[in-house]
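Here's the structure we're looking at; comments come further down.
Lettering follows sequence order; numbering is per chain, from 1. All heavy atoms count here, side chains included; hydrogens, waters and symmetry mates do not.
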Protein chains: 2
Amino acid sequence: MQATATVRAIETGLRATIAIRDIGSNVSRLPNLCSSCGLREVCLPCGMRSEEAGKLDELIYTRVRVKRGQVLYRAGDAFASLYAIRSGFFKSVSSVEDGREQVTGFHMPGELLGIDALGTDIHTRDTIALEDSEVCVIPYARLVELSASVEGLQRQFHRILSREIAGEHGIMMLLGTMRAEERLAMFLLNLSQRFLARGYSATEFVLRMTRDEIGSYLGLKLETVSRMFSRFQAEGLVEVSNRHIRILDATGLKGCLGRATH
Amino acid sequence: MQATATVRAIETGLRATIAIRDIGSNVSRLPNLCSSCGLREVCLPCGMRSEEAGKLDELIYTRVRVKRGQVLYRAGDAFASLYAIRSGFFKSVSSVEDGREQVTGFHMPGELLGIDALGTDIHTRDTIALEDSEVCVIPYARLVELSASVEGLQRQFHRILSREIAGEHGIMMLLGTMRAEERLAMFLLNLSQRFLARGYSATEFVLRMTRDEIGSYLGLKLETVSRMFSRFQAEGLVEVSNRHIRILDATGLKGCLGRATH
DNA sequence: CGGGGATTTGACACATATCAAGAGCGGTGG
DNA sequence: CCACCGCTCTTGATATGTGTCAAATCCCCG
């Protein structure tokens, strides 16, 4: 099982980390410090000078492993910390009283989880690991404290909140005005771009979620998602093999956007 | 013209304000100070002790009048300030490259405009007055400064950002999973509740936007919006007379939500 | 009083949902 | 290693909600 192997690797990494700390090696090379984290450029320290980023190291006390299918937090849980995704993949699920639910986000390394709770002190959605994952726990109170002294932190935090708003915005646009074909094209292009920003391939990746989850996110039924994948494949835009996606013609995909009825 | 009359009243009020300041009267009674603003409870000072709220008075230098149809800021404009709505009504419009646009928000007094730009320094949507309005200009740099010293301000600001996120969330839910009837019911109930929070009637109000704008916001065509209004009226849930809305049966409206196919 | 945009309503088209059946794949246990 | 089981995915046939097109009416505003 591939996922298990991943966890083992992380566990090994962690043990190594602890060992290094114990023997007093150069702290700046520890992988669980913000200042040396590979995700620096997409996560909280982004845009900060390295001395400032170093101060963030005080922020992260704990890392938590979350196995596939496990809930990181649930709607209604008390809010105390934000979580920065260190590795893995998550989905957020909102629901309304009548029981209907919708996937409202997919989250990848470097992204911040828990932002929805800032206002209310109560989480508003369930957030669940789609594969074995690891998150850095960021105590919110501490983040607020540090914001006062670390130049650029508050700014970057606002940037992240705003990015969140902008992102949801794009989805509103998508849900409000786009046809099924366009929605799926946007979805793929968005994933592609986010993978690219994290140093992964932009043209070839594995979807961590089911067709049903994609459909829920895009406001479509899973059958429609499946049909659209088939159509894209028939048109030579992508190669789909189960959850393995290869983008063959990104330009063509972009061309789907804003195209009148097929 | 009613709108013009409103502006006149505001102009008069402003002149009065300036006069009072000039003669050194009790500053705390000036209507353009946060500490004495009638919207205190829904705007930035919400939840702050009055001494703290008083410090916000340093924040607002300027108020700007925006006439109906005028643009407060445009997508692409440089970002420098947030705007707190003092009176009036606004819509935000996002657009994608191909020219399609969607109304992504309606905004009423006490709400903050410009949040979308925090991350990028560039506004991402057009924000336009739906009636003659007035906004308090909040220089962002100053807000950041003050956040460091005024206890509770940063927290409240996060609360507002989060509320924004939560709101967009609800709309995603709406766009992603609801039928036309439910969308319009939610829309009306949401407006109703926001009016209530501001001291207006929850059951009787005037829509500031066209059917087309409502449709754009809800991901529906204007004809569909119109039909749903007619249906609600036929069912005795609301009384619709042009843009004048009277909610006759709020419980019935709520009952629309989560109801299976009509 | 006239004109133009907003709204309503009807007839029809179409995209997507729904229902249903079968195939593919991954994991499990013999 | 193979057979089986369950879940995910694909594909087809049909139903339906909403969009599209069109025309008439209404209302505000000049």
Per B/Lys221 side chain, nearest of listed nucleotides D/dG19, C/dT16, C/dT18: D/dG19
Sugar-phosphate only, base, or nothing, as touched by B/Gly219 at under 4.0 Å among non-hydrogen atoms: sugar-phosphate
Nearest-Å distance, [atom1] ([X]) to [atom2] ([N])?
{"X": "B/His244", "N": "D/dC27", "atom1": "NE2", "atom2": "C1'", "value": "16 Å"}
{"X": "A/Arg179", "N": "D/dT18", "atom1": "CZ", "atom2": "P", "value": "18 Å"}
{"X": "B/Ile214", "N": "C/dA6", "atom1": "CD1", "atom2": "P", "value": "13 Å"}
{"X": "B/Glu131", "N": "D/dC28", "atom1": "CD", "atom2": "C1'", "value": "16 Å"}
{"X": "A/Phe232", "N": "D/dC9", "atom1": "CZ", "atom2": "C1'", "value": "17 Å"}

Contact list for DNA chain C against residues 222-230 of chain A - heavy-atom distance below 4.0 Å: A/Glu223, A/Thr224, A/Arg227
Determine the minimum heavy-atom distance between [X] and [Y], stating which atoms define it.
{"X": "B/Cys256", "Y": "B/Ala185", "answer": "CB-CB, 4.0 Å"}
{"X": "A/His123", "Y": "A/Ala117", "answer": "ND1-CB, 3.5 Å"}
{"X": "B/Leu39", "Y": "B/Ile85", "answer": "CD1-O, 3.5 Å"}
{"X": "B/Val42", "Y": "B/Ala197", "answer": "CG1-O, 3.7 Å"}

Contacts of B/Asn190 that satisfy side chain to side chain donor-acceptor pair (under 3.5 Å) - sequence neighbours left out: B/Arg194
Atom pair CD/CE of A/Glu168 and A/Met173 - distance to nearest 0.5 Å: 15.5 Å
Residue-phosphate contact under 4.0 Å: A/Arg243 side-chain N/O, D/dC9 OP1/OP2: yes
A/Arg211 side-chain N/O to D/dT10 phosphate OP1/OP2 under 4.0 Å: yes
Test item: B/Ser216 side-chain N/O and B/Val103 main-chain N/O as donor-acceptor pair under 3.5 Å: yes
Residue A/Arg74 excluded, over 12 heavy atoms near CZ under 6.0 Å: no
Centroid-centroid under 6.0 Å between A/Phe205 and A/Tyr200 rings: no
Inter-end axis angle, the helix from C/dC1-D/dG30 to C/dG30-D/dC1, with every axis fitted to five base pairs (rounded, 10 degrees): 40°
